[in-house]
Amino acid sequence: MAVGESRENALSRRKMLTGLGAAALASTGLAAPALASGAGDYRSIHLINKRTEEWLKTVYWVEGAYLPEAMAAIDHIMRDWRAEKAIPIDPKTIDIIAATHQLLETEEPFEVISGYRSPQTNAMLRRRSRNVARKSYHVQGMAVDLTLKSRRIRDVSRIAQSFKAGGVGTYSRAQFVHLDSGPLRTWGR
């Protein structure tokens with residue numbers, strides 16, 4: 001409780017800051033009935049990029065507005081580290097990541113394997129693997145490949161699919177999930 005703050009105000013503030021609410025998710029087209037009670041007007045994200053050894057835990061949306069400084073920090077951590085280039089990551093992609101993390105009920109950060117990819121990086125990866133799309137949503141800042149060490153890949157995938165908000169690819173062998181804000185579709189196992 002802040003100095004001079006009443007107990008009622010402290011409880012209201014705490015309630016607002018307890019989690020993502022159904023109203024917040026509804027504005028992105030996502031639905032999560034399990035979050036309907038105790039809704040707050042903020043969204044947060046917790047990421048680590050093992051390749052660059054950078055991490056980020058931040059509130060990026062408050063009362064209907066994306067916070068420019070937080071969005072820039074997300075763009076940076078999800079940049080193409082090979083080319084050292086960043087572009088704005090689609091807010092809907094960020095919302096999908098945050099909502100998935102919220103329903104997984106863990107404090108562990110998502111590990112970013114691949115966020116934005118420059119066209120050159122995507123072409124290089126495509127030469128190495130047939131699993132890299134020519135017109136990848138990564139190149140448009142609309143996709144992320146990630147993992148969570150404390151959860152099964154299939155569990156992460158199942159929760160992300162429940163939002164029906166974009167593409168979800170399950171790569172059990174490689175131990176990551178692809179999330180994007182493109183058309184609704186699923187693949188892998």
Side-chain angles (χ1 to χ4, degrees), residues 19-36 42-49 56 58-61 64-67 70-71 73-80 86-106 109-119 121-122 125-126 129-148 151-189:
L20 292 171
L25 291 172
S27 70
T28 66
L30 305 177
L35 299 177
Y42 85 100
R43 299 177 194 161
S44 63
I45 196 162
H46 193 183
L47 303 170
I48 186 167
N49 187 322
L56 176 68
T58 189
V59 170
Y60 69 90
W61 182 96
Y66 291 96
L67 305 177
M71 297 299 283
I74 293 167
D75 298 342
H76 179 76
I77 203 163
M78 290 181 59
R79 74 189 180 281
D80 180 339
I87 66 169
I89 302 299
D90 182 14
K92 186 176 176 186
T93 300
I94 298 166
D95 290 338
I96 293 167
I97 296 166
T100 300
H101 195 259
Q102 178 73 17
L103 284 182
L104 288 165
E105 298 179 341
T106 181
F110 266 129
E111 182 179 326
V112 175
I113 295 167
S114 183
Y116 167 67
R117 291 185 201 146
S118 67
T121 295
N122 198 68
L125 294 172
R126 189 166 158 67
S129 171
R130 62 183 179 86
N131 290 330
V132 177
R134 181 185 319 272
K135 294 184 179 185
S136 172
Y137 283 107
H138 287 277
V139 176
Q140 299 173 49
M142 295 172 59
V144 62
D145 297 336
L146 44 77
T147 191
L148 197 60
R151 298 293 189 271
R152 294 177 352 162
I153 293 303
R154 287 188 177 140
D155 293 338
V156 176
S157 177
R158 179 181 45 78
I159 287 174
Q161 288 176 35
S162 74
F163 297 123
K164 299 187 183 322
V168 180
T170 307
Y171 295 87
S172 295
R173 240 187 195 156
Q175 289 295 297
F176 73 86
V177 174
H178 167 98
L179 303 176
D180 70 53
S181 54
L184 178 62
R185 67 215 187 287
T186 62
W187 66 94
R189 48 188 170 120

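Note: hydrogens, waters and symmetry copies are ignored here, and every other heavy atom, side chains too, is used.
You'll find the side chain of Val177 stays beyond 4.5 Å of the side chain of Asp145, heavy atoms only. Side-chain contact between Leu125 and Arg117 is present, with heavy atoms from C-beta onward closer than 4.5 Å. When side chains are defined from C-beta on, Ile94 counts as touching Met71, because their heavy atoms get closer than 4.5 Å. Side-chain contact between Thr93 and Leu179 is absent, with no heavy-atom pair separated by less than 4.5 Å. Under the 4.5 Å side-chain criterion, counting only non-hydrogen atoms from C-beta, Thr170 is not in contact with Thr186.
For Val139 against Pro119, the heavy-atom pair with the smallest separation is CG1-CG, 4.0 Å. Shown here for Tyr66 and Pro91, the closest heavy-atom pair between the two residues is CZ-CB, 3.5 Å. Closest approach of Val59 and Ala70 over heavy atoms only: O-CB, 3.4 Å. Residues Asp95 and Tyr60 come closest through the heavy atom pair OD1-OH, 2.7 Å. Summarising the geometry of Ser44 relative to Ala98, their closest heavy-atom pair is O-CB, 3.2 Å, with the distance given to 0.1 Å.
Interatomic distance, Arg158 CZ to Thr100 OG1, rounded to the nearest 0.5 Å: 11.0 Å. Taken to the nearest 0.5 Å, the CD1 atom of Ile89 stands 11.5 Å off from the CD atom of Gln140. Taken from CE in Met78 to CD1 in Ile87, the straight-line distance is 10.0 Å, to the nearest 0.5 Å. Remark: Leu148 CG to Gln175 CD distance equals 11.0 Å, nearest 0.5 Å. Note that the OG1 atom of Thr106 and the NE2 atom of His46 stand 9.5 Å from one another [nearest 0.5 Å].
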Show, in sequence, the C-alpha distance, side-chain angles and deciding distance for Val112 and Ile48, and conclude whether the side-chain contact (heavy atoms from CB on, under 4.5 Å) test is met. CA-CA 6 Å; Val112 175; Ile48 186 167; over 6 Å; no

Assess whether side-chain contact (heavy atoms from CB on, under 4.5 Å) is satisfied between Ser157 and Ile159, documenting all intermediate values. CA-CA 5 Å; Ser157 177; Ile159 287 174; over 6 Å; no

Please assess Ile97 against Leu47 for the test side-chain contact (heavy atoms from CB on, under 4.5 Å), listing each intermediate value before the final yes or no. CA-CA 10 Å; Ile97 296 166; Leu47 303 170; 4.2 Å; yes

The test is side-chain contact (heavy atoms from CB on, under 4.5 Å); show your working for Leu103 and Phe163 and say whether it passes. CA-CA 11 Å; Leu103 284 182; Phe163 297 123; 3.5 Å; yes

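One N or O on the side chain of Ser172 and one on the backbone of Arg189 form a donor-acceptor pair closer than 3.5 Å. Of the possible polar contacts, one joining the Arg151 side chain to the Leu104 backbone as a donor-acceptor pair under 3.5 Å is found.
Judged purely by distance below 3.5 Å, without hydrogens or angles, the side chains of Ser129 and Arg126 never pair a donor atom with an acceptor atom. Under the 3.5 Å distance criterion, with hydrogens and angles disregarded, no donor-acceptor pair is assigned to the side chains of His138 and Asp80.
Take Arg185 and apply the side-chain contact (heavy atoms from CB on, under 4.5 Å) test, not counting sequence neighbours, and it matches Tyr137, Asp180, Pro183, Trp187. Every ring-ring contact (aromatic ring centres under 6.0 Å, His included) that Phe110 has, sequence neighbours left out, goes to His101.
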